[in-house]
There are 2 protein chains.
Amino acid sequence: MNEETYLRDYDPKAFDSPLLSVDAVLFTYRDGQLEVLLVERSNHPEMGKWGLPGGFVDLDVDETLEDTVIRKLKEKTGVVPPYVEQLSTVGNRSRDKRGWSVTVCYTALIAHQECETHIDSVSDAKWVNLKDLEKLDLAFDHKSIIAAGRERLKQKALYSIVPAYTLPEKFTLSDLQHVHEVLLGKPLQKKSFRRRIEQADLIVDTGEKSAEKGRPATLYRLKPEASQHTFIRNLEL
Amino acid sequence: MNEETYLRDYDPKAFDSPLLSVDAVLFTYRDGQLEVLLVERSNHPEMGKWGLPGGFVDLDVDETLEDTVIRKLKEKTGVVPPYVEQLSTVGNRSRDKRGWSVTVCYTALIAHQECETHIDSVSDAKWVNLKDLEKLDLAFDHKSIIAAGRERLKQKALYSIVPAYTLPEKFTLSDLQHVHEVLLGKPLQKKSFRRRIEQADLIVDTGEKSAEKGRPATLYRLKPEASQHTFIRNLEL
DNA sequence: TTAATAGTGTCTATGAGACACTATGTC
DNA sequence: GACATAGTGTCTCATAGACACTATTAA
């Protein structure tokens, strides 16, 4: 048999295969805390429980897995997050009552201001503080996927400024430092933090100032290449 | 409808879903070069081409995705590699002529001595030098998956001693340094390299010596925790 | 003025890079 | 002895940590 014949007669349903889905851990930073977007499940299984935004690949619509996750995130938030990265793929026989199931997980970051109105307008999506997550009973193994996403973001805080994508486009260095401090669970030296960012030339002064209490802070914007940069020396844990 | 009824009537083939497979990039170090294990495809599509070892989840046999990849690697090498780590998942509409396809990719490392006899006994598996890979026309997008695996291993060489798993259980520091040098594509300072490994306390002196030309070198063994350790300061690129 | 927050100067400590040196084996 | 490879001593340099200092706003 030649390949042409094989492909013509190929039946994708001839063999049993795992259920395949995509999930996203979308983090943001609000009021000094990390939050994650949860969605209430409207279908079986685990209907009524809260879980990660995600779903199935639409073979007609999606070109890539990233298309799928972005489509799902846009449905829930109204926008495409500025940072989306594959986290890991979890697949085993026990995670879903329907049987062998595989989910390709992504970590995404966004400023909550970007999607506040859209999320407020629906009742099946909400930001949940990471500290309140313990008490909740999430669908499937989503709690451990969130833990993995958080752990990855913590590592990124040690050697990059990727956590900046949890902030609005214009942000202050104090805010960014605080995001890192929350992720790492320890205070950082202001001087060290600013020095390394300045040296790496990752941000641009917008010329604007933020006006809160005290001295106004310079508002910076990320350079496009900021998400790629890794420091050769980590912050200490 | 309650969940029980839903699950009883659930038909896993009701919806079209991507083809799901697992692939492994198994690296080793031989004669001063990096090599990757390739397998000749005995089935359509891309029959006759060489590609990565891998295959489909066996829903009855495999408990997890890692079980699948380890089963496939054991089929080809006869042993379970000492280091297996998920690399990334590639999924899109165009990578496989059969249609929308997803492959969960793993990087694995092994000493070629561990599986030499098994590989030599079969004709459909062989080690290929990374430098010879350019010329080959591999199946699917396997060439770019190998490139991604190699890139990941290069990063690991900067901040860990994970590349040590490409070596036999007992190895010399000179060999390990050379693996890192090949991965990084540049010579390293002997002193720096040994200092950081000694300080991190990642290896144990076996008491044995390797006898080649020149002064015999101490043979070390990895401590079990060595695969977890990350240096806070990277080697320079 | 004080309180609050932004931002800097500067010293120390750690660990990588450079490179010359010594050590131990074979011939 | 020469040669080859293993392994060390020690200086420099980059950069994170510590922490006290100055700067700029509002009330």
Side-chain angles (χ1 to χ4, degrees), chain A residues 31-32 155-161 164 167 170-181 183-220 229-237, chain B residues 31-32 155-161 164 167 170-181 183-220 229-237:
Chain A
D31 302 333
Q155 292 306 313
K156 297 255 177 206
L158 290 174
Y159 61 77
S160 81
I161 58 165
L167 296 174
K170 298 171 189 174
F171 59 88
T172 69
L173 283 180
S174 296
D175 279 347
L176 180 54
Q177 180 174 340
H178 197 237
V179 175
H180 280 247
E181 287 173 337
L183 279 166
L184 300 176
K186 63 165 257 182
L188 296 171
Q189 289 290 335
K190 190 162 47 167
K191 182 64 180 184
S192 306
F193 190 76
R194 302 169 98 97
R195 189 173 36 201
R196 69 199 321 246
I197 291 175
E198 183 185 27
Q199 281 218 357
D201 192 29
L202 297 175
I203 56 177
V204 184
D205 187 337
T206 62
E208 297 174 63
K209 300 280 177 183
S210 118
E212 301 278 313
K213 268 187 301 187
R215 174 174 170 178
T218 305
L219 283 165
Y220 293 92
H229 184 270
T230 58
F231 296 94
I232 66 160
R233 188 163 164 187
N234 286 9
L235 297 174
E236 287 178 8
L237 254 187
Chain B
D31 301 333
Q155 292 306 314
K156 297 254 176 207
L158 290 174
Y159 62 77
S160 80
I161 58 165
L167 296 174
K170 297 172 190 173
F171 58 89
T172 69
L173 284 179
S174 295
D175 278 349
L176 180 53
Q177 179 174 340
H178 197 237
V179 175
H180 281 247
E181 287 174 337
L183 279 167
L184 300 176
K186 63 164 257 183
L188 296 171
Q189 289 292 332
K190 191 163 45 167
K191 182 65 179 184
S192 306
F193 190 75
R194 302 169 99 96
R195 190 171 38 202
R196 69 202 317 247
I197 291 174
E198 183 184 28
Q199 281 218 358
D201 193 29
L202 297 175
I203 55 177
V204 183
D205 186 338
T206 62
E208 296 174 64
K209 300 280 177 184
S210 119
E212 302 276 315
K213 267 187 302 187
R215 174 174 170 178
T218 305
L219 284 165
Y220 293 91
H229 184 271
T230 59
F231 297 93
I232 67 160
R233 189 164 163 187
N234 286 11
L235 298 174
E236 287 178 8
L237 252 188

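Residue numbering restarts at 1 for every chain, and letters A, B, ... go by the order of the sequence lines. Predicted, not measured: the structure shown is a model, and the values here were computed from it.
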Which heavy atom of [X] sits nearest a heavy atom of [Y], and at what distance?
| X | Y | answer |
| --- | --- | --- |
| B:F231 | A:N234 | O-ND2, 4.4 Å |
| A:P216 | A:K209 | CB-CB, 3.9 Å |
| B:L188 | B:E181 | N-OE2, 2.8 Å |
| B:A157 | B:L235 | O-CD1, 3.8 Å |

Does OP1 or OP2 of D:dG7 have a side-chain N or O of B:T218 closer than 4.0 Å? yes
Under 4.0 Å: is that the gap between some side-chain N or O of B:S174 and OP1 or OP2 of D:dT5? no
With a non-hydrogen cut-off below 4.0 angstrom, is A:T172 in contact with a base, only sugar-phosphate, or nothing? nothing
Classify B:L235 by what it touches in the nucleic acid, base, sugar-phosphate, or nothing, heavy-atom distance under 4.0 Å. sugar-phosphate
Could you tell me the separation between the [atom1] atom of [X] and the [atom2] atom of [N], rounded to a whole number of Å?
| X | N | atom1 | atom2 | result |
| --- | --- | --- | --- | --- |
| A:R215 | C:dA6 | CZ | C1' | 5 Å |
| A:Q199 | D:dA14 | CD | P | 10 Å |
| B:H178 | D:dT5 | NE2 | P | 12 Å |
| A:L158 | D:dA16 | CG | C1' | 13 Å |
| B:L173 | D:dG7 | CG | P | 6 Å |
| A:N234 | D:dT15 | CG | C1' | 12 Å |
| B:L188 | D:dA6 | CG | C1' | 16 Å |
| B:R196 | D:dG7 | CZ | C1' | 18 Å |

Nucleotide nearest A:R195 when distance is taken to its side chain, options D:dA18, C:dG7, D:dT10: D:dA18
The single option from B:R195, B:R196, B:K190, B:Q189 that satisfies side-chain hydrogen bond (donor to acceptor under 3.5 Å, both in side chains) with B:S192 is B:R195
Starting at the 5' end of DNA chain C and moving along, which residue's nearest nucleotide shows up first, B:R233 or B:Q189? B:R233
Using heavy atoms to find the nearest nucleotide of DNA chain C for B:P187 and B:I232 separately, return the residue whose nucleotide is more 5′. B:I232
On DNA chain D, nearest-nucleotide positions of B:K213 versus B:E236: which is more 5'? B:K213
Answer with yes or no whether B:K191 presents, from its side chain, a donor or acceptor under 3.5 Å of a partner atom in the base of D:dG7. no
